[in-house]
Every structure is written in structure tokens, then in C-alpha cells.
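Right, one structure below, let's go through it.
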Amino acid sequence: MLGSSIKDGFRILDGNWLRIIGVVFLCYMIKLIAGTLPVQGTVIINFDPLAVLNSETLVSLVLASVLNSFLFFIMVDYITNTSYTMRRRFAKACAFPFQNWQLLYKGMVVFFLFNLLLTIIGMMTIYAALGGLASIAGGSLTVLGLYGVLLLLFTGVVWLFLSISQVAYILYDEPAAGILSGLKQSISMMKGSRWPLLGLFLLMMVATMLGALLIGIGAFVSIAIFEVVRLSFYKELLQKRRREEWHAKVNG
């Protein structure tokens, strides 16, 4: 599935590399300047599970969610319409979130949840690394036990993030759909497809780090490819769900 998504992504990019990279570059530069990229900000190493829920962090997550949601729908609409039209495509993409005003608040809620989970994943990654060092150094059974629990929690949070990862795309296709409905659809669509998506995320991370060595230009190319392939991945999931619904209807 991942291979076909990558192939379809490059098909979309064919003949549109500069335009799509330009839009993705603009959106990510806005995120960079605004400080709303997931890799930006600071993570306080504090072994208090509720440290991530302080008011300052929550306010920053809300503001980041508003901006990231708006930029996401612009990118998705621009990439989606690449195969159909060239006329005023960027202007239409920028107007899309406002024409579908429900997305302005639904997207904020969804991206707040995404950002919160990513913050927790980042925090737990640091804790896991420290726990691993403590285990190597000959930690006590208590430390090893806590480390095991942390790994289980970390796995659960990552599993949840992957499970709901398609909600924003579902809302783009169905602006009138409810958030809970989108969450349920995403969880259903992602059954059996979490590993390929995790592989895509890891592949993007490696490609971005390697691309950053090329004066940063390669990083934006890899990010643009990632955004297109993620959209193609969702389209694959959508087709798979429709095939399953059709088979269920025919055989039912």
C-alpha cells in the first residue's frame, strides 16, 4: 500500500514539482516563523505526567492548531486540484477554509488533539531515552518496571495518533461531518494500515534530515513529497473502504 501511495504521489508531482513545492514551502515557512512546527518549542524534562498540561502549553497548542489547520486545508485543496485546474488554483485553495466555515473550528479541535499527542510523544521519547540509559547503567527493578510501563504508554499514544491521523482529510472531503464521526471513520480506515503509515513517517524523517544537509533545500523537497504521498495514502484508504462497503453490500 505504501509503495502504491508513493507511486501515485510522484504521478501527482509530475509536471507540478515547482508549484507544489512552492506552496508547501510557503506554508511551512509560515509555521516556522510562527513557531508552530512540531519540532519547535522546548520540552521541559520533568517527571510529572501533567507537566504537558500547564496553561501556557495548552494556549500555545490552541494557537498552533488554528494556524496549522488553516494551512493544512490550503495545502490539501491545492494538491487535490492539481490534476483538474490551473486557473486561480492558489486563490481558490486559500478561500477553501472560509467557504467551508465549519472547518475553521473542526480543524482547530482536530489539530489541537494532534499537537497534544505529538507533544506527549516528544516528551515520552525523552523519558524513554533516559530510561534506556538508566537500564543500561544497571537500574533497579523499579526503574526497569517504570521503563516498561513507559514503553507501553508510548506505544499506546503512537497507536492512537496513527489511528486518528486521517480525520483532517475526512473533514476536507466531508466538511459537514462531525468530529466524532470523523474520528470513528479514521479509526476504522486505519485498521491494518498503521504500520505502512508509521513507515511513511519514519521515511520522511530520514529523508528530511538528509535533505537538510543540502542547504535546507532538500528538506522542503522531501516535505513536499511527504505531503503529497500522505494525501495519496488517504485516497488509497478511501478506495479500500469503498471496495469493502461494496463487497459487503453485494454479499450481504
Side-chain angles (χ1 to χ4, degrees), residues 1-14 16-17 19-32 36-39 64-65 67-83 93 96-97 103 106-107 110-111 113-115 117-118 121 158-175 177 182-183 185-211 218-242:
M1 183 175 183
L2 180 55
S4 59
S5 298
I6 294 174
K7 183 178 179 180
D8 187 58
F10 277 94
R11 180 191 61 78
I12 295 173
L13 285 164
D14 186 31
N16 296 286
W17 282 91
R19 296 184 183 91
I20 292 178
I21 291 175
V23 170
V24 173
F25 174 82
L26 176 62
C27 291
Y28 270 78
M29 282 302 298
I30 293 174
K31 291 182 183 182
L32 183 65
T36 62
L37 286 174
V39 295
S65 302
L67 180 61
N68 289 357
S69 170
F70 181 74
L71 295 175
F72 169 83
F73 289 119
I74 289 176
M75 282 193 295
V76 170
D77 191 69
Y78 187 88
I79 296 170
T80 298
N81 292 318
T82 294
S83 304
F96 178 81
L103 293 178
K106 291 178 183 178
V110 168
F111 275 87
L113 183 56
F114 286 165
N115 291 338
L117 289 175
L118 287 173
I121 289 172
V158 172
W159 180 90
L160 177 60
F161 176 76
L162 294 174
S163 297
I164 66 173
S165 59
Q166 306 306 308
V167 181
Y169 294 104
I170 292 170
L171 291 177
Y172 170 78
D173 275 343
E174 307 173 38
L183 289 170
Q185 289 186 58
S186 179
I187 293 172
S188 176
M189 292 172 69
M190 285 301 295
K191 288 181 179 178
S193 301
R194 296 182 185 89
W195 283 109
L197 183 58
L198 180 60
L200 176 59
F201 277 112
L202 295 176
L203 185 63
M204 184 276 294
M205 289 174 60
V206 173
T208 302
M209 287 188 289
L210 292 176
F220 284 104
V221 173
S222 63
I223 290 172
I225 294 173
F226 170 71
E227 292 292 347
V228 175
V229 173
R230 270 196 70 187
L231 179 58
S232 297
F233 186 87
Y234 164 71
K235 296 297 184 183
E236 290 269 352
L237 290 175
L238 194 60
Q239 291 178 5
K240 178 183 175 183
R241 186 182 70 176
R242 288 172 177 170

Using side-chain contact (heavy atoms from CB on, under 4.5 Å), reason through Leu118 and Phe161 one step at a time and then give a plain yes or no.
CA-CA 8 Å; Leu118 287 173; Phe161 176 76; 3.9 Å; yes
With rounding to the nearest 0.5 angstrom, report the [atom1] to [atom2] distance, [X] to [Y].
X: Ile223; Y: Arg230; atom1: CD1; atom2: CZ; answer: 12.5 Å
X: Ile121; Y: Phe114; atom1: CD1; atom2: CZ; answer: 11.0 Å
X: Leu200; Y: Leu162; atom1: CG; atom2: CG; answer: 10.5 Å
X: Cys27; Y: Tyr78; atom1: SG; atom2: OH; answer: 10.5 Å
X: Thr82; Y: Asn16; atom1: OG1; atom2: CG; answer: 5.0 Å
X: Ser69; Y: Ile74; atom1: OG; atom2: CD1; answer: 10.0 Å

Non-hydrogen side-chain atoms of [X] and [Y] separated by less than 4.5 Å:
X: Val229; Y: Leu203; value: no
X: Trp195; Y: Leu2; value: no
X: Leu160; Y: Ile164; value: yes
X: Val167; Y: Met189; value: no
X: Lys235; Y: Tyr169; value: no
X: Phe96; Y: Leu103; value: yes
X: Lys31; Y: Leu71; value: yes
X: Phe226; Y: Met205; value: no

Check for a donor-acceptor pair, side chain of [X] on one end and backbone N or O of [Y] on the other, with a separation under 3.5 Å.
X: Ser188; Y: Gln185; answer: no
X: Ser186; Y: Ser163; answer: yes
X: Ser232; Y: Val228; answer: yes
X: Asp77; Y: Phe73; answer: no
X: Asn81; Y: Ala93; answer: no

On a heavy-atom basis, the closest approach of Glu236 and Ser4 is OE2-OG, 3.1 Å
Mind listing the closest non-hydrogen atom pair of Ser165 and Leu197 along with its distance?
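Shortest heavy-atom separation between Ser165 and Leu197 comes out as OG-CD2, 3.0 Å.
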Would you call Arg11 and Asp14 a salt bridge, taking side-chain N to carboxylate O under 4.0 Å as the test?
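Result for this pair is no, no salt bridge flagged.
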With side-chain contact (heavy atoms from CB on, under 4.5 Å) as the test, would you mind laying out the steps for Phe10 and Ile225 before giving the verdict?
CA-CA 8 Å; Phe10 277 94; Ile225 294 173; 4.1 Å; yes
Any chance NZ of Lys240 has more than 12 other-residue heavy atoms, nucleotides or ligands included, within less than 6.0 Å?
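More than 12 heavy atoms, drawn from other residues, nucleotides or ligands, come within 6.0 Å of this atom.
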Flag if over 12 foreign heavy atoms under 6.0 Å of CH2, Trp17
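Atom CH2 in Trp17 is crowded, with more than 12 foreign heavy atoms closer than 6.0 Å.
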Carefully, step by step, assess Phe72 and Tyr172 under the rule ring pair (Phe, Tyr, Trp, His ring centres under 6.0 Å).
CA-CA 10 Å; Phe72 169 83; Tyr172 170 78; 7.9 Å; no
Ignoring hydrogens and geometry beyond distance, is a side-chain donor-acceptor pair present between Tyr28 and Glu227 at under 3.5 Å?
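Judged by distance alone, the side chains do pair up.
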Any chance you could lay out the side-chain contact (heavy atoms from CB on, under 4.5 Å) test for Leu202 and Val206, step after step, and finish with the verdict?
CA-CA 6 Å; Leu202 295 176; Val206 173; 5.7 Å; no
